[in-house]
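Structure, as structure tokens:
In each ligand, atom 1 is the first atom listed, and ligand 1 is the first ligand listed.
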Amino acid sequence: MAISARYTRYLVLAVVGLTFFYFVTRSSFQLPSTASLPKPKPTYEDFKSQKPHNTGINSTERVNATFVTLARNSDIWEIAKSIRTVEDRFNRNFNYDWVFLNDQDFDEDFKKLTTSLASGTTHYGRIPKEHWSYPEWIDQDKAREVREDMGRRKIIYGDSESYRHMCRYESGFFFRHPLMMNYEYYWRVEPSVELFCDVPRDPFLFMKQNNKKYSFVISLLEYIDTIPTLWDSAKKFLKEHPEHIADNNAMDFVSEDGGETYNKCHFWSNFEIGSLEWLRSQAYIDYFTSLDHDGGFFYERWGDAPVHSIAAATMLKRDEIHFFDEIAYYHNPFTHCPSSEQTRLDLRCHCKPHDNFDWKDYSCTNRWFSVNNLQKPDGWD
Ligand code: GDP
Ligand code: MN
């Protein structure tokens with residue numbers, strides 16, 4: 001009797017245990033109905049046969065425009081990131097061309113990868129030697145001494161020769177490279193940048209339809225040690241060529257005393273969407289040629305950002321310059337993130353609002369809004 005009572009207890013325990021086990025794992029005992037079966041995963045062949053481009057936005061009107069990137073072969077992985085972000089947030093729906101420029105030949109790896117990432121047609125150009133070397137009027141010994149001195153003074157890129165050629169090229173030549181001559185507008189993209197929001201409308205079309213010639217997303221103060229005589233040089237040019245000064249220009253963005261001194265404000269040119277026809281205009285070419293003869297690209301370290309900005313602020317009408325609030329952008333170390341929460345949600349942005357540089361100390365974007373009496377976006381402090 002004692003034995004059978006023990007077995008009964010084990011039997012009850014076993015039944016309770018099995019019942020518990022059944023309920024806990026019940027779902028795995030049930031066969032799914034056909035409706036809830038997962039779809040078979042697409043194969044690689046399916047993936048290849050899909051059209052990756054031209055999804056989403058239904059745009060018919062196009063502008064004669066291109067992305068343009070100046071890069072070295074060694075920039076390959078950093079430019080890959082930039083292309084990916086621009087394609088994902090904008091160009092996969094538009095397929096604009098992409099022009100790559102380099103002072104050396106691009107290698108096959110660079111071309112293969114960038115062509116695979118870009119949805120539009122890619123073009124690769126080598127920069128002619130005359131556009132990436134010393135003009136004859138430059139004293140190269142003096143230029144070297146300047147680099148050594150600026151290196152000792154720890155001025156950013158102060159000791160770099162290639163950086164100076166790069167700044168001069170971006171200031172005066174990229175827009176007249178043979179590959180660029182067929183286009184009307186450009187969007188400059190550098191390695192390692194990021195876009196944080198969907199770009200909801202075609203910025204090229206916006207520029208064209210609204211007669212904009214130059215645009216920016218971040219503006220800030222320049223290091224004065226890199227441009228001690230740039231303003232003097234620009235003033236001299238404008239005095240010699242008053243015909244190039246625009247009516248209703250934005251001089252008050254770059255000068256607070258009617259043009260006497262420069263306040264160091266400039267548009268950050270690692271992002272630019274602009275008119276190539278403006279840069280190829282007599283006014284801009286005369287301006288660049290005059291600055292180039294003054295030698296500051298080599299005897300100082302003039303950046304293309306203040307060079308473009310001073311030109312835009314004096315030789316364009318103020319309403320030909322546009323601030324693209326909706327293009328959320330990062331280039332080390334600054335971010336533009338739209339102030340308005342509604343904009344960030346509508347455009348599926350993933351930037352941190354706190355990182356927005358617009359209203360921080362070194363930004364000039366606040367000034368841009370006040371000198372132009374523009375209404376600040378919602379959420380702006
Ligand atoms: P930063 O943004 O001022 O720190 O300067 P970057 O190093 O980003 O250079 C600005 C742009 O010029 C980038 O698109 C670089 O890829 C490009 N760049 C800089 N130096 C050279 C160079 O020596 N050769 C070429 N081909 N491109 C350069
Ligand atoms: Mn850069």
So is [X] polar-close to ligand 1, meaning N/O to N/O under 3.5 Å?
{"X": "Val189", "answer": "no"}
{"X": "Asn270", "answer": "no"}
{"X": "Leu101", "answer": "no"}

Considering the heavy atoms of [X], write down every atom of ligand 1 situated less than 4.0 Å from one of them.
{"X": "Pro191", "result": "13 (C), 14 (O), 16 (O)"}
{"X": "Tyr157", "result": "1 (P), 3 (O), 4 (O), 5 (O), 7 (O)"}
{"X": "Asn102", "result": "26 (N)"}
{"X": "His331", "result": "2 (O)"}

Protein heavy-atom partner closest to [atom] - residue, atom, separation in Å:
{"atom": "atom 3 (O) of ligand 1", "result": "Tyr163 OH, 2.5 Å"}
{"atom": "atom 12 (O) of ligand 1", "result": "Met166 CG, 3.3 Å"}
{"atom": "atom 17 (C) of ligand 1", "result": "Leu70 O, 3.4 Å"}

In this structure, is the centre-to-centre distance between the rings of [Y] and [X] below 6.0 Å?
{"X": "Phe369", "Y": "Trp380", "value": "yes"}
{"X": "Tyr134", "Y": "His165", "value": "yes"}
{"X": "Phe237", "Y": "His241", "value": "yes"}
{"X": "Phe334", "Y": "Trp268", "value": "yes"}

- Honestly, is Arg168 close enough over Phe288, meaning NZ or CZ under 6.0 Å from the six-membered ring centre and within 45° of the axis? no
- Task: Check whether NZ of the Lys or CZ of the Arg Lys142 lies under 6.0 Å from the centre of the six-membered ring of Tyr299 and within 45 degrees of that ring's axis.
- Result: yes
- Item | Name, closest N/O/S atom of Glu190 to the Mn ion (ligand 2) | OE1
- Query: Of the choices Ile79, Asp75, Thr69, Asp103, which has the non-hydrogen atom that lies closest to atom 26 (N) of ligand 1?
  - Reply: Asp103
- Among Glu190, Arg188, Arg126, Glu170, which residue places a heavy atom closest to atom 8 (O) of ligand 1? Glu190
- Query: Has His165 got any heavy atom lying under 4.0 angstrom from an atom of ligand 1?
  - Reply: no
- Item | Residue pair Thr343 / Glu326, side-chain donor-acceptor N/O under 3.5 Å | no
- Query: Out of Phe204, Phe174, Phe175, which residue meets the ring-ring contact (aromatic ring centres under 6.0 Å, His included) rule with Tyr186?
  - Reply: Phe174
- Check Trp132 against ligand 1 and report side chain, backbone, both or neither, counting heavy atoms closer than 4.0 Å. side chain
- Should the proximity of Arg72 to ligand 1, defined as any heavy atom under 4.0 Å, be assigned to the side chain, the backbone, both, or neither? both
- Message: Looking at Cys197 and Cys349, is the distance between their SG atoms under 2.5 Å?
- Response: yes
- If two hydrophobic side chains count as joined below 4.5 Å and joins carry through other members, does Ile321 share a cluster with Leu374? yes
